[in-house]
Undergrad: 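My questions will all concern the structure given below.
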Amino acid sequence: MSEQQQFDVVVIGGGPAGYHAAIRAAQLGLKTACVDAALGKDGKPALGGTCLRVGCIPSKALLDSSRQFWNMGHIFDQHGISFGKAAIDVKKMVARKDAIVKQFTGGIAALFKANKVSTFFGFGQLQPGNVVAVKQHDGSTVELKGTNVILAAGSDSIELPFAKFGEHIVDNVGALDFDKVPKRLGVIGAGVIGLELGSVWKRLGSEVTILEGLPDFLPAADKEVSKLAAREFKKQGLDIRLGCKVSNTEVKKDGVHVSYTDDKGEQSIVVDKLLVCVGRRPATKALLADGTGVQLSPRGQIEVDEHCHTGVDGVWAIGDCVRGPMLAHKGFEEGIAVAELIAGLPGHVNFDTIPYVIYTEPELAWVGKTEEQLKAEGIPYKAGSFPFAAVGRAVAMAEPAGFVKVLAHAETDTILGMHLIGANVSELVHEGVLAMEFKGSADDLARICHAHPSLSEAVHDAAMAVHKRAIHKAN
Ligand code: NAI
């Protein structure tokens, strides 16, 4: 028997975009509900979406564990530290990751409670008339009528037709939960997930082979950054093969046989586990009942305008299920902006200053345009770069690889992009984000006092290098 409850805002999806929208709406005094279908590893409802359960947070936990292990074998000696043979207890490492996930998914539940967001655990479907039908985990159905409905359903891994997920062929979810280090790990797709999770298992001892379809490595990154990244990853032993067209996989007794063609012809590898990470698609299947008026693009994305409005009165969509990069923090900002727009405030998201980070070693990060984009768009620019090898703090940390590059308009000096590779650049990139958000110039950044010794000095000197006045290198 179905009952109908009335809310100012009903959010479908309790991931990064959805929980931000729900909490901000509740802060603004709107009566808010959030619907989420996901279950944690313990079979209980778990808020926080892909990011908290099987994405950003657990992968960072494993990246950190594996980095400590790698440093024991490869870096500690430089510091004069020796010890017995390093060993890894994978089950303990995974249990630590699971505990972190539980802490954070539980944290969202606590935040919902504190902000008086009503939570409904089950699958929500939008019906005509801004009604959300929730099929709850106990089998009952509840109907929520929202003056506004925000669709934040997220995304799912793309499965290749010839590589069905199972015990041996996995997506990010499976690759976060191996019970031992696979001797041979194959990865299809040298994107963000392939590089991050490939790094985790490589550091722990797997032989990792990454097959990438495109002929170029990380084409979205600035070319100098991707070139150095490829060199550093090769040094670590990651075998990244470009221009590989994977045609088939077969699970046999001795492992997963992966067939592909490259410029030399037909090839194959045999691996113990195969991670397929060739992108994600919007999770919009079954999200919309007939007659809602909400439109999907051919790629399954919910069509929205620049304010995340679907064109249907009171229906909005945010996060991975709409256009734009599939990044948790892009979803955060859209969630906040839409809640504020609903409350009559001027919410907005600046797509030009969204930072991108890949949490490998070294880390990669960027904001704004690459040199290649500026050239293609005919925008006159000046570039200044500075290597971490000349930064005292980086060398003291035994992290000399990488550089910071600042790109500024040749006439106005306005910062147009910042590209970084090196230690902790996931944090440093925000100097570029802030400067660009405030329409700052390379000269502004160059004249800001930076602490010495700190990694941020690379940003400072790179900004000075735009005008050929870097202090710590020849200009
Ligand atoms: P991705 O789009 O980053 O990379 C997929 C890669 O697979 C691309 O290089 C593509 O050329 C390649 N590819 C596609 N089809 C292929 C095929 N048939 N054979 C060989 N290669 C093929 O997608 P990924 O790594 O799956 O990540 C999914 C999403 O999750 C991305 O949008 C990413 O931004 C997000 N994410 C972000 C993280 C971060 O911000 N640090 C961490 C992990 C995921």
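The first residue in the sequence is number 1, and the count goes up from there. Counting starts at 1 for both ligands and their atoms, in listed order.
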Undergrad: Please confirm whether V246 comes within less than 3.5 Å of ligand 1 when only nitrogen or oxygen atoms on both sides are compared.
TA: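 No: no nitrogen or oxygen of V246 is under 3.5 Å from one in ligand 1.
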Undergrad: Just going by heavy-atom distances, which of D171, V278, T360 is nearest to atom 15 (N) of ligand 1?
TA: V278
Undergrad: Under 4.0 Å from any heavy atom of Y359, which atoms of ligand 1 are there?
TA: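 Those qualifying, in numeric order: 41 (N).
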Undergrad: So is G213 polar-close to ligand 1, meaning N/O to N/O under 3.5 Å?
TA: yes
Undergrad: Give the residue, atom name and distance (to 0.1 Å) of the protein heavy atom nearest atom 32 (O) of ligand 1.
TA: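 It is M326 CB, 3.5 Å.
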Undergrad: Among all protein heavy atoms, pick out the one at the shortest distance from atom 18 (N) of ligand 1; state its residue, atom name and that distance to 0.1 Å.
TA: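 Checking every protein heavy atom, the shortest distance to atom 18 (N) of ligand 1 gives L160 CD2, 4.1 Å.
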Undergrad: Indicate yes or no: does D177 engage K41 in a salt bridge with an N to O separation below 4.0 Å.
TA: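 Result for this pair is yes, salt bridge flagged.
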Undergrad: If I apply the N/O under 3.5 Å rule, does E212 come out as touching ligand 1?
TA: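 Checking ligand 1 against E212, an N or O pair does fall under 3.5 Å apart.
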Undergrad: Could you check atom 30 (O) of ligand 1 against the protein and tell me its nearest heavy-atom contact, residue, atom and distance included?
TA: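 Answer, as residue, atom name and distance: R280 CD, 3.7 Å.
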Undergrad: Measuring from the heavy atoms of G279, does anything fall under 4.0 Å of ligand 1?
TA: yes
Undergrad: For E207, is there an ion pair with K183 - N to carboxylate O distance below 4.0 angstrom?
TA: yes
Undergrad: What do we get for E196 next to ligand 1 when only non-hydrogen atoms under 4.0 Å count, side chain, backbone, both or neither?
TA: side chain
Undergrad: Under 4.0 Å from a heavy atom of L327: give me the atoms of ligand 1 that qualify, with their elements.
TA: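 Answer for ligand 1: 34 (O), 40 (O).
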Undergrad: Look at atom 5 (C) of ligand 1 and say which protein heavy atom is nearest, naming residue and atom and giving the distance to 0.1 Å.
TA: C277 O, 3.5 Å
Undergrad: Charged N to carboxylate O under 4.0 angstrom, E232 versus K235?
TA: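 The answer is yes: the pair qualifies as a salt bridge.
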Undergrad: Between R393 and E399, does a salt bridge (charged side-chain N to carboxylate O under 4.0 Å, His left out) hold up when you go through it step by step?
TA: CA-CA 9 Å; R393 183 82 198 280; E399 302 259 19; over 6 Å; no
Undergrad: I'd like to know whether the aromatic ring centres of F121 and H137 sit less than 6.0 Å apart in this structure.
TA: no
Undergrad: In the protein, which heavy atom is nearest to atom 38 (C) of ligand 1, and how far is it?
TA: V192 CG1, 3.2 Å
Undergrad: Which of the numbered atoms in ligand 1 are under 4.0 angstrom from any heavy atom belonging to I193?
TA: 24 (P), 25 (O), 26 (O), 27 (O), 28 (C), 43 (C), 44 (C)
Undergrad: Please check if any side-chain donor atom of S426 sits under 3.5 Å from a side-chain acceptor atom of E363, or the reverse.
TA: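 Yes.
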Undergrad: For the residue pair S259 / N248, report whether a side-chain donor-acceptor contact shorter than 3.5 Å exists.
TA: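 Side-chain D/A pair, N248 to S259: absent.
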Undergrad: Given salt bridge (charged side-chain N to carboxylate O under 4.0 Å, His left out), test D98 with R96 step by step and report yes or no.
TA: CA-CA 5 Å; D98 290 342; R96 171 184 177 272; over 6 Å; no
Undergrad: With side-chain hydrogen bond (donor to acceptor under 3.5 Å, both in side chains) as the criterion, how do H450 and E431 come out once you've worked through the C-alpha distance, each side chain's angles and the decisive distance to 0.1 Å?
TA: CA-CA 11 Å; H450 285 66; E431 282 210 49; 2.7 Å; yes
Undergrad: Please determine if R241 and E212 form a salt bridge, counting it only when a charged side-chain N lies under 4.0 Å from a carboxylate O.
TA: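 Salt bridge: no.
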Undergrad: Give the residue, atom name and distance (to 0.1 Å) of the protein heavy atom nearest atom 7 (O) of ligand 1.
TA: G189 CA, 3.3 Å
Undergrad: At what distance is the nearest protein heavy atom to atom 4 (O) of ligand 1, and which residue and atom is it?
TA: G191 CA, 3.2 Å
Undergrad: Against heavy atoms of L211, which atoms of ligand 1 measure under 4.0 Å?
TA: 20 (C), 21 (N)
Undergrad: What pair of heavy atoms forms the shortest contact from K180 to W201, and how long is it?
TA: O-CZ3, 4.2 Å
Undergrad: Does a salt bridge link E377 with K369, judged by any charged N lying under 4.0 Å from a carboxylate O?
TA: yes
Undergrad: Need the ligand 1 atom indices (1-based, order shown) with element for anything under 4.0 Å from a heavy-atom of L214.
TA: 11 (O)
Undergrad: Looking at I188, which atoms of ligand 1 are within less than 4.0 Å of one of its heavy atoms?
TA: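 Counting atoms of ligand 1 from 1, those under 4.0 Å from I188 are 19 (N), 20 (C).
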